[in-house]
Amino acid sequence: ALISMRQLLDHAAEHGYGIPAFNVNNLEQMRAIMEAAAKTDSPVIVQASAGARKYAGSNFLRHMILAAIEEFPQIPVCMHQDHGTSPAVCQRSIAMGFSSVMMDGSLGSDGKTPTSYEYNVDVTRRTVEMAHACGVSVEGELGCLGSLETGMAGEEDGIGAEGVLSHEQMLTDPEEAADFVRKTGVDALAIAIGTSHGAYKFTRPPTGDTLAIQRIKEIHARIPDTHLVMHGSSSVPQDWLAIINEYGGEIPETYGVPVDEIVQGIRHGVRKVNIDTDLRLASTGAVRRFLAQNPAEFDPRKYLKETITAMREICIARYEAFGSAGHA
Ligand code: G3H
Ligand code: 13P
Ligand code: NA
Ligand code: ZN
C-alpha cells in the first residue's frame, strides 16, 4: 500500500530502527528494492530525483512505483520526491500523487547556491503548508552536504553546492535545527554531518573528524521528536569497486559511510538513510563482469538481470543492518 513518510518514520522511531531510502531510476532498481523488501519483510521508501525524472520521466517513475505496490501488496511503500529545489517542484509531485516530498531549501532553485537561513525557513514552511493540506509528508534540510576533508559538495552534476563550503556550513547546528523545525513544521530533517553525494566522499576511511556522528547525538538530544535523515549515505562497497576495476573500470581509491556508523546514527534518531551510489556501483560492476565473461551475449535481459541480483543483495543487507527487516 502507498503510505506517507510520516507514518513509516513514526513507526520506525517507536521501534528504534531506520529505513533505507533508495533512489529509483529504472525497472531493475525497482525490482531489486521490492524483492529485497519482500524477502526481509521491510517497509520501503523509494525516491525520485530530478535526474531520475529527466532520465525515465515522471509518469514512468510514478507508474513503476504503483506497479510495485500492486505486485507487493503486503509491503508499505512511500513514494518520495528527492531534493525538490522549490515549492513549485514539490507541488507538481504532490499533484502527481507522491506521498512525501523533500524541499531542499539549503540550496537555491538552481540546486547549487547555498541560501540564507531565512530563505530556507520560508520555502520549507510554505511547502509544509501545501503538503500537509494534502496528507503528504515533508522532509527539509538544514546545512549543506559537503566533505569536511575538502569543503566540496561531491558530485559534479546533480544536487550539490558549488564552490568551497565552510566547516560551519557543513555541520548542522542543533539550536538552529530546533528553531527550524519549530518554524517550518517539517516531518523529517536532513542534517549535514560531513557526508556528500556520490562515490567520492572520503579519501581514506572516515574518522570522527571527517564524519561527525557525534553531531547527530547533539541534534537528537535537542529535538528528540524529529525524525533525522542522513543523505549521502552510500557505503561505497570496496568489493564492488574491485570488481569494476578488475573488468576495465577506472575508479580511484575512495571510501563511503561505513554501515556501522549509520547504525550508530540510527541509535540517535536517524530514521531515513538515503542510498543511491551503492546501487549504481553494484549495477556497473555486475554489467562489466557479465559482459567481460560472456563476450558473445547481446540480450540486455541477460546482463540487466545480473544488476537486479547485485542490487538486491545490497538492499537486503541494508534492510537487515538498519533494522527495518521484519517491520513491513
Ligand atoms: O541527490 C542525489 C541522488 O544521488 C540523485 O542523483 O540527480 O544524479 O539522480 P541524480
Ligand atoms: P549517495 O550518493 O551516498 O548514495 O546519497 C544519495 C542521496 O543522498 C540521495 O538524496
Ligand atoms: Na530526500
Ligand atoms: Zn541527497
Side-chain angles (χ1 to χ4, degrees), residues 5 18-26 28-30 32-33 45-58 60-61 64 78-85 89-90 93 98 100-107 110-112 138-147 152-162 170 172 188-202 206 210-211 228-238 240-241 251 254-259 261-262 265 270-284 311 314-315 317-318 322:
M5 186 170 70
I19 306 177
F22 295 111
N23 283 80
V24 64
N25 297 265
N26 65 22
E28 288 73 25
Q29 286 174 320
M30 194 72 232
I33 294 162
I45 301 174
V46 279
Q47 51 192 13
S49 68
R53 295 195 291 279
K54 202 168 154 199
Y55 173 75
S58 304
F60 275 86
L61 289 169
M64 210 157 57
C78 167
M79 195 194 294
H80 177 75
Q81 174 223 267
D82 199 15
H83 291 285
T85 49
V89 166
C90 297
S93 298
F98 278 70
S100 177
V101 295
M102 176 186 193
M103 175 63 236
D104 181 358
S106 72
L107 298 169
D110 60 357
K112 302 221 167 302
V138 178
E139 172 185 341
E141 175 163 326
L142 186 61
C144 292
L145 293 203
S147 157
M152 304 305 287
E155 275 179 357
E156 297 273 292
D157 53 353
I159 294 282
E162 214 161 49
M170 290 181 293
T172 303
L189 182 67
I191 54 174
I193 56 162
T195 70
S196 54
H197 289 133
Y200 304 104
K201 301 182 195 303
F202 306 105
T210 53
L211 176 61
L228 303 181
V229 182
M230 276 175 74
H231 281 247
S233 293
S234 276
S235 302
V236 187
Q238 297 296 311
W240 280 114
L241 289 185
I251 299 191
T254 181
Y255 299 90
V257 185
V259 170
E261 301 294 334
I262 298 170
V270 170
R271 300 295 161 226
K272 174 173 179 280
V273 181
N274 284 15
I275 297 173
D276 186 351
T277 299
D278 282 352
L279 300 191
R280 296 182 184 195
L281 290 170
S283 285
T284 296
M311 291 189 285
I314 290 186
C315 295
R318 300 296 180 273
F322 301 169

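In each ligand, atom 1 is the first atom listed, and ligand 1 is the first ligand listed. Sequence positions, counted from 1, serve as the residue numbers for this chain.
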Near Gly198, which atoms of ligand 2 are under 4.0 Å from a heavy atom of that residue?
-> 2 (O)
Thr85 side chain near His83 side chain, heavy-atom distance below 4.5 Å = no
Where is the tightest heavy-atom contact between Tyr255 and Gln238, given as atom of each residue plus distance?
-> CD2-NE2, 3.4 Å
How close does the nearest protein non-hydrogen atom get to atom 9 (C) of ligand 2, and which residue and atom is it?
-> Asp82 OD2, 3.2 Å
Answer whether the closest heavy-atom distance between the side chains of Thr172 and Ile193 falls below 4.5 Å.
-> no
Considering heavy atoms of the protein only, find what lies nearest to atom 7 (C) of ligand 2 and give residue, atom and distance to 0.1 Å.
-> His197 CD2, 3.3 Å
Under 4.0 Å between heavy atoms, the region of His83 that gets near ligand 1 turns out to be side chain
Non-hydrogen side-chain atoms of Lys201 and Ser234 separated by less than 4.5 Å | yes
Taking every non-hydrogen atom, the tightest pair across His80 and Ile45 | CB-CG2, 4.1 Å
d(Met102 CE, Ile159 CD1) to nearest 0.5 Å is 8.5 Å
Lys54 contact mode with ligand 1 (heavy-atom cut-off under 4.0 Å) | neither
Is a donor on one side and an acceptor on the other found under 3.5 Å between the side chain of Thr195 and the backbone of His231?
-> yes
Side chain, backbone, both or neither: Asn23 near ligand 2, heavy atoms under 4.0 Å | side chain
Ligand-side contact atoms (ligand 2) for residue partner Ile275, heavy atom cut-off under 4.0 Å | 4 (O)
Has Glu155 got any heavy atom lying under 4.0 angstrom from an atom of ligand 2?
-> no
Closest approach of any protein heavy atom to atom 9 (O) of ligand 1, naming residue and atom = Ser49 OG, 2.6 Å
Does any N/O atom on His83 come nearer than 3.5 Å to any N/O atom on ligand 2?
-> yes
With no hydrogens and no angle check, is any side-chain donor or acceptor of Asp278 less than 3.5 Å from a backbone partner on Val236?
-> yes
Which protein heavy atom lies closest to atom 8 (O) of ligand 1, and at what distance to 0.1 Å?
-> Arg280 NH2, 3.1 Å
Is there a donor-acceptor contact under 3.5 Å from the side chain of Gln47 to the main chain of Phe22?
-> no
Record the part of Ala199 in heavy-atom contact with ligand 2 below 4.0 Å; permitted values are side chain, backbone, both and neither.
-> neither
Which atom of His231 approaches the Zn ion (ligand 4) most closely (N/O/S) | ND1
Going by the order shown, which atoms of ligand 2 are within less than 4.0 Å of some heavy atom of Gly232?
-> 1 (P), 3 (O), 5 (O), 7 (C), 8 (O)
Please calculate the NE2(His197)-the Zn ion (ligand 4)-NE2(His83) angle and round it to 10 degrees.
-> 100°
Between Glu155 and ligand 1, is there a nitrogen or oxygen pair with a distance under 3.5 Å?
-> no
Answer whether the closest heavy-atom distance between the side chains of Thr277 and His197 falls below 4.5 Å.
-> no
Hey, does Leu281 have a side-chain heavy atom less than 4.5 Å from the side chain of Pro237?
-> yes
Indicate, as side chain, backbone, both or neither, the part of Asp82 found under 4.0 angstrom from ligand 1 when only non-hydrogen atoms are considered.
-> side chain
Note: Asp276, heavy atoms under 4.0 Å from ligand 2, region reported as both
Among protein heavy atoms, which lies nearest atom 5 (C) of ligand 1, and at what distance?
-> Asp276 OD2, 3.3 Å
Tyr200 vs Glu155 side-chain heavy atoms within contact, under 4.5 Å | no
Top protein contact for atom 2 (O) of ligand 2, by heavy-atom distance | Thr277 OG1, 2.7 Å
Side chain of Ser235, backbone of Val257: donor and acceptor closer than 3.5 Å?
-> yes
Does even one non-hydrogen atom of Gln47 get within less than 4.0 Å of ligand 1?
-> no
Is a side-chain donor or acceptor of Ser196 paired with a backbone partner of Ser147 at a separation under 3.5 angstrom?
-> no
For ligand 1, which atoms have a heavy atom of Gly51 less than 4.0 angstrom away?
-> 7 (O), 9 (O)
Close-contact set for ligand 2 against Lys201 heavy atoms, below 4.0 Å = 1 (P), 2 (O), 3 (O)
Atoms of ligand 2 under 4.0 Å from any heavy atom of His231, numbered from 1 in the order shown, are 8 (O), 10 (O)
